[in-house]
Amino acid sequence: VGCGICVKKCPFEAIDIVNLPEELEYPTHRYGPNTFALYGLPIPVEGKVTGILGPNGIGKSTSLQILSGQIRPNLGRFEETASWDEVFRRFTGTELFDYLRHISGKEIRVAVKPQYITQIPKAFSGTVRSLLTRTDERGVLDHLIEELTLSSILDREISNLSGGELQRVAIAACLAREADFYFLDEITPYLDIYQRMAAANLIREVATHRPVVIVEHDLAILDMLADTVHIGYGKPAVFGVITGPKGVRIGINEYLEGYLPEENVRFREYAVVFEKRAHSDDTTREPLFEFPEMTKGYDPFRLTVRGGEIRKGEVLGLVGPNGIGKSTFAKLLAGVEAPDGGPLEENIKISYKPQYVKATSGDTVEFTLRSITNRFDSSYYQHEVIEPLALRQILQSPLDTLSGGELQRVAIAACLSRDADLYILDEPSAHLDVEQRMNLVRVLKHHAEGKECGVLVIDHDIYLIDMISERIVVFDGEPGVAGEAKGPFSMREGMNLFLSNLGVTFRRDKSGRPRINKPESFLDREQRSKGEYYYAR
Ligand code: ADP
Ligand code: ADP
Ligand code: MG
């Protein structure tokens with residue numbers, strides 16, 4: 001299907017072609033008999049940010065747990081613990097030898113930002129201020145608070161924070177520690193692009209004096225943040241191989257290509273490609289719904305919406321900072337909230353996936369989806385929802401046992417299972433890996449086209465927004481005070497407006513992939529003066 005994403009093959013025909021390389025005889029770690037085995041390990045490096053890039057279930061968190069001393073690698077011999085001496089022997093002559101010696105002697109202090117931040121309120125009660133003060137061993141708290149804009153929430157209870165607030169507090173708490181090594185397992189979920197870049201810049205500051213290792217699925221951010229990346233490949237939940245370090249540009253490009261030349265491994269049968277020029281917006285589409293000019297005032301926030309039209313079969317991207325009124329806009333369209341001066345006349349049927357998804361029961365995934373749709377057994381549903389969202393393996397799992405990424409995919413499926421004219425998904429990429437994000441693009445485009453409905457996607461992953469949207473609505477103003485919804489615009493016009501608000505320009509590398517320019521670099525200044533922030537002319 002010509003959606004411009006896959007060159008060679010439809011990604012829905014998932015590949016199963018990666019075999020364990022023969023030279024990798026022994027795993028670094030195996031959890032138990034017939035369980036996941038990890039091969040290789042990433043290497044923290046002085047003065048650098050080392051990234052780990054790979055699908056979920058490939059051993060990224062396991063690697064971080066080994067490097068941070070939380071798990072002692074057992075060399076695959078789970079029945080008897082391998083001694084440290086055996087571990088050293090295995091890593092003799094490698095760059096990890098010294099590192100593991102220090103870890104074994106507990107001579108290394110590490111600071112860790114865990115992947116799932118929802119655990120934090122269970123482990124800590126008290127205010128943001130009391131948590132951060134306790135962790136401020138470097139005496140840099142004021143700087144962190146300023147850059148991550150935490151000052152207004154310092155006296156709030158940890159248990160009352162939103163996901164985006166908790167994420168920034170967790171990042172600050174990790175970076176405030178005095179440690180020899182810093183490990184951060186995903187920094188972007190629930191953060192807007194301003195906050196993502198602020199966090200990335202703070203991490204780069206730390207890396208000037210201490211090695212940092214990160215896991216991250218927002219590739220534009222990973223690209224500006226990391227110096228080198230290790231790629232994880234294999235069969236999720238079965239085995240994972242962590243490659244040696246690659247330069248960040250090349251590593252990301254190999255990943256998108258689906259082929260690792262050094263390792264001679266193809267792990268995806270199609271390449272992910274970017275369109276260099278802004279895609280034309282399809283004016284042959286028929287109107288679905290015209291939303292009027294409207295305002296909505298809360299105390300003290302006020303949203304102003306310029307009128308616009310949503311078309312049948314299109315995916316609209318919604319971009320802007322957090323707290324600017326994106327969810328409020330969705331609620332006005334859905335009729336959940338009325339604009340000032342009375343409800344919208346022409347209410348359309350909306351299906352809405354909120355930003356924060358919670359497991360509210362122990363029902364299985366299959367039971368949950370069957371209770372929403374009666375087409376569960378149809379081949380359309382299986383092929384367009386269950387398979388691309390990789391739900392088959394977890395159909396019998398109770399909702400309250402799912403990981404963040406699994407729950408997200410179920411919530412997306414639930415949203416698409418409802419009958420509606422307009423589907424709104426608020427940050428569907430949170431906790432999804434790059435493969436799952438690419439599949440999400442396909443699922444939502446097919447859904448819009450196939451059902452002749454509208455799909456609105458609020459997201460902060462700029463690559464995802466670029467790939468998924470036909471047009472975009474840009475929200476700007478002052479978060480928490482006043483927001484204005486402008487558009488829908490064509491991609492070029494919308495991205496230029498959005499990125500000029502942000503003050504960020506992108507260049508293209510040889511492969512056509514957009515990369516964030518260094519502020520005040522030659523290209524940055526040139527593109528800004530021309531008003532071309534994202535697409536080439
Ligand atoms: P990633 O971070 O790449 O998503 P993880 O390292 O979290 O991957 O997990 C890799 C595999 O190891 C998964 O299949 C996971 O279920 C399994 N696993 C993780 N922790 C444990 C554990 N403590 N016991 C058994 N299996 C585990
Ligand atoms: P976004 O989705 O862009 O992050 P929201 O639409 O959720 O932003 O919120 C915009 C602003 O409106 C925020 O400052 C929020 O606190 C405020 N707000 C949202 N809903 C309500 C409400 N029901 N009552 C009062 N203020 C609200
Ligand atoms: Mg993980």
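Every number for a ligand or one of its atoms is a count from 1 in the order of the listing.
Residue-level proximity to ligand 1 for S63 is absent, since no heavy atom of it falls below 4.0 angstrom.
Between the CE atom in M467 and the CG atom in L440 there is a gap of 12.0 Å [rounded to 0.5 Å].
The shortest heavy-atom contact between I103 and S68 is CD1-C, 4.1 Å. The two residues G232 and P55 come nearest to each other via the heavy atoms O-CD, 3.4 Å. Across all their heavy atoms, M197 and L502 have their closest contact at SD-CD2, 4.5 Å.
Judged by the 6.0 Å distance and 45° axis criteria, R268 is positioned over the aromatic ring of Y255.
Each of the atoms 3 (O) of ligand 1 lies under 4.0 Å from some heavy atom of P55. Close contacts of ligand 1 with S61, meaning ligand atoms under 4.0 Å from a residue heavy atom, involve 1 (P), 2 (O), 6 (O), 7 (O). Listed by number with element, the atoms of ligand 1 under 4.0 Å from a non-hydrogen atom of T62 are 5 (P), 6 (O), 9 (O).
Distances shorter than 4.0 angstrom do not occur between any heavy atom of T35 and any atom of ligand 1.
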Notebook entry, point to check: What's the verdict on salt bridge (Lys or Arg N to Asp or Glu O under 4.0 Å) for K353 and E427, showing C-alpha distance, side-chain angles and the deciding distance?
Noted result: CA-CA 9 Å; K353 184 201 81 68; E427 204 177 348; over 6 Å; no
Next item on the list: Quick one: do E263 and K246 satisfy salt bridge (Lys or Arg N to Asp or Glu O under 4.0 Å)? Show the steps, please.
Entry: CA-CA 12 Å; E263 290 76 12; K246 299 166 187 282; 3.0 Å; yes
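Without hydrogens or angle criteria, R471 side chain to L316 main chain gives no donor-acceptor distance under 3.5 Å.
For L399, the side-chain contact (heavy atoms from CB on, under 4.5 Å) test picks out A359, S361, V365, T368, L402, V410, with sequence neighbours left out.
Where the criterion is an N or O separation shorter than 3.5 Å, residue side chain and backbone included, Q115 fails it with respect to ligand 1.
Near ligand 2, residues Y298, F301, P321, N322, G323, I324, G325, K326, S327, T328, G480 each place a heavy atom inside the 4.0 Å sphere around the ligand atoms.
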